[in-house]
Structure formats: structure tokens, C-alpha cells
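Atom set for the values below is all heavy atoms of this structure, side chains included, hydrogens, waters and symmetry mates excluded.
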Amino acid sequence: MVYILVMLLVRLAMHVWFHLKFEGREHIDKHKNYIYVSNHRSYADPVLVALAGYGRYGFMAKKELFDNKLFAGLIRWLGAFPVERGSGDTSAIDMAVKSVQDGRNLLIFPEGTRSKDGRVGRGKAGVALVASKVHADIIPIGINFEGEKLHFRSKITVKIGEPILADSLPSTENLSERELLKTLRTEYIPPIMNGIKALVDEPKVLPDKK
């Protein structure tokens with residue numbers, strides 16, 4: 001009940017602070033748990049994705065955010081767990097899998113870092129590895145706003161795509177490490193990143209200053 005109350009207050013605050021719109025929520029079955037994958041534009045992105053869906057979430061957050069004990073306690077309560085970027089953090093993968101098995105949605109930003117120009121970068125293998133271990137459908141999300149940073153009354157459109165069905169992705173059981181990596185790169189990452197890119201508006205190019 002406390003979590004629901006907090007989310008209601010956060011939803012109200014986000015709608016007051018920003019001009020916020022969601023598209024495609026009909027693609028989400030509120031009675032199912034999903035892996036949500038999204039582009040990464042701002043520090044508000046985890047909240048925006050959480051408001052797009054239903055239920056509770058688990059999500060990876062960079063290890064540095066857990067340095068402050070008070071803040072770390074808050075985000076852990078909200079479902080965050082630390083990941084050491086660029087290190088092949090297997091404990092974070094295990095936590096991600098457990099999060100879904102415990103009945104939470106899972107939120108991942110496949111790019112691993114924020115985009116400054118609004119373009120979608122390359123997907124990391126981590127999201128594909130989690131998807132291969134958890135039999136859950138994947139919901140692509142596109143977060144759209146103009147400019148590099150959010151400000152008061154920024155117009156934000158969160159687009160929700162059709163699920164990528166778990167049954168449409170190949171099994172990775174009994175594969176060698178080499179075969180697993182190849183399957184993740186060729187069969188998992190492309191549909192995930194293409195699903196996100198289809199929901200992200202092409203960033204506007206400003207004319208050169210003369």
C-alpha cells in the first residue's frame with residue numbers, strides 16, 4: 001500500500017512538472033510481468049518507464065548511486081540493485097533474473113548509458129543474456145523529448161511498443177559460450193534495439209551557426 005501511494009504521488013508530481021503523454025499502453029497486460037527495455041535520455045527515465053506500466057519493478061542502477069546510504073536504501077526499496085558497468089557483472093545478471101522470478105517487472109536500459117543527442121546507441125549483451133534466462137515477454141519503450149535535458153513543462157512522450165514474445169526468441173540451453181554469444185548478438189539484441197528505435201523520434205538537427 002505504501003508503494004502504491006508513493007507511485008500515485010510520483011505520477012501526480014510528474015504530470016505537474018512535465019507535459020507528459022503515454023502512447024501504446026494497450027500493448028501491456030496489467031496481469032503479466034515483463035522485461036521493459038528503453039532508450040536512456042535522462043535521470044527521470046526509470047520513473048517514466050515505471051509509470052508507463054503496472055506493478056512493481058526491479059532495475060539495474062550504476063554502482064555509484066549506492067554510495068550514499070540513505071539514497072541507496074530508498075532506491076533498493078524501490079527495486080534497484082547495483083551493477084558495475086563494463087565489468088561483466090554476473091551478480092547483477094543473477095539479481096535481474098531473481099527479480100523477474102519474484103514476480104516483478106524488470107527495467108533495463110540496453111545502451112548502458114544516457115544518450116546526449118537523442119539517438120539510440122548499440123545494445124549491450126546484458127539485456128539479451130537476461131532475456132535468454134527468463135521466459136518473459138519484452139516490452140520496448142521509446143522516451144521522446146526535445147533538447148539535451150529536461151526542464152519545467154518539457155513535453156515528454158513515452159511510446160510503448162508491441163511485446164517481443166519470449167516464444168519468438170530461440171532457446172539458449174546447452175549452448176557453448178561461443179554459441180551463446182553469437183545467438184545473443186544475432187537473435188536477441190537486434191529485435192530489442194530495433195523495437196526501441198522504432199519508438200524513438202528522429203532527433204532534430206539544428207542548423208550550423210554562421
Notebook entry, point to check: Cluster question for you: counting only ILVMFWY and a side-chain heavy-atom cut-off of under 4.5 Å, with indirect links fine, are L199 and I28 together?
Noted result: no
Next item on the list: Considering only Ile, Leu, Val, Met, Phe, Trp and Tyr, and joining two whenever side-chain heavy atoms are under 4.5 Å apart, list the other residues clustered with V16.
Entry: L12
Next item on the list: Measure from the ring center of Y36 to the ring center of Y57 and say whether it is less than 6.0 Å.
Entry: yes
Margin query: Using the side-chain hydrogen bond (donor to acceptor under 3.5 Å, both in side chains) criterion, which residues pair with T183? Sequence neighbours excluded.
Written below: none
Next item on the list: Drop me the distance from I189's CD1 to R122's CZ, to the nearest 0.5 angstrom.
Entry: 8.5 Å
Item checked: Pairs touching residues 1-22 that satisfy salt bridge (charged side-chain N to carboxylate O under 4.0 Å, His left out), sequence neighbours left out -> K21-E23
Margin query: E26 vs I160, test: side-chain contact (heavy atoms from CB on, under 4.5 Å). Steps then yes/no.
Written below: CA-CA 9 Å; E26 67 274 9; I160 301 141; over 6 Å; no
Note to self: Is there a continuous path of hydrophobic side-chain contacts, each under 4.5 Å between heavy atoms, that joins V37 to I164?
What the structure shows: yes
Check: Hey, does the Lys NZ or Arg CZ of R114 hover above the aromatic six-ring of Y43, less than 6.0 Å from the centre and inside 45° of the axis?
Finding: yes
Margin query: So which atom in A166 and which in D137 form the shortest heavy-atom distance, rounded to 0.1 Å?
Written below: N-OD1, 2.8 Å
Check: How far does CD1 of I196 sit from CE of M193, to the nearest 0.5 angstrom?
Finding: 4.5 Å
Margin query: Regarding D102 and R104, does a basic nitrogen lie under 4.0 Å from an acidic carboxylate oxygen?
Written below: no
Notebook entry, point to check: Would the number of heavy atoms belonging to other residues, nucleotides or ligands and lying under 6.0 Å from CD of E173 be above 12?
Noted result: no
Item checked: Heavy-atom pair with the smallest gap, counting every atom of S38 and P110 -> O-CD, 3.3 Å
Next item on the list: Locate the shortest heavy-atom distance separating N105 from Y34; write the atom from each residue and the value.
Entry: OD1-N, 2.8 Å
Margin query: Is the terminal nitrogen or CZ of R41 (NZ for Lys, CZ for Arg) located under 6.0 angstrom from the six-membered ring centre of F145 and within 45° of that ring's axis?
Written below: yes
Notebook entry, point to check: According to a 4.5 Å side-chain heavy-atom criterion applied to Ile, Leu, Val, Met, Phe, Trp and Tyr, with indirect links allowed, do V49 and W17 form part of one hydrophobic cluster?
Noted result: yes
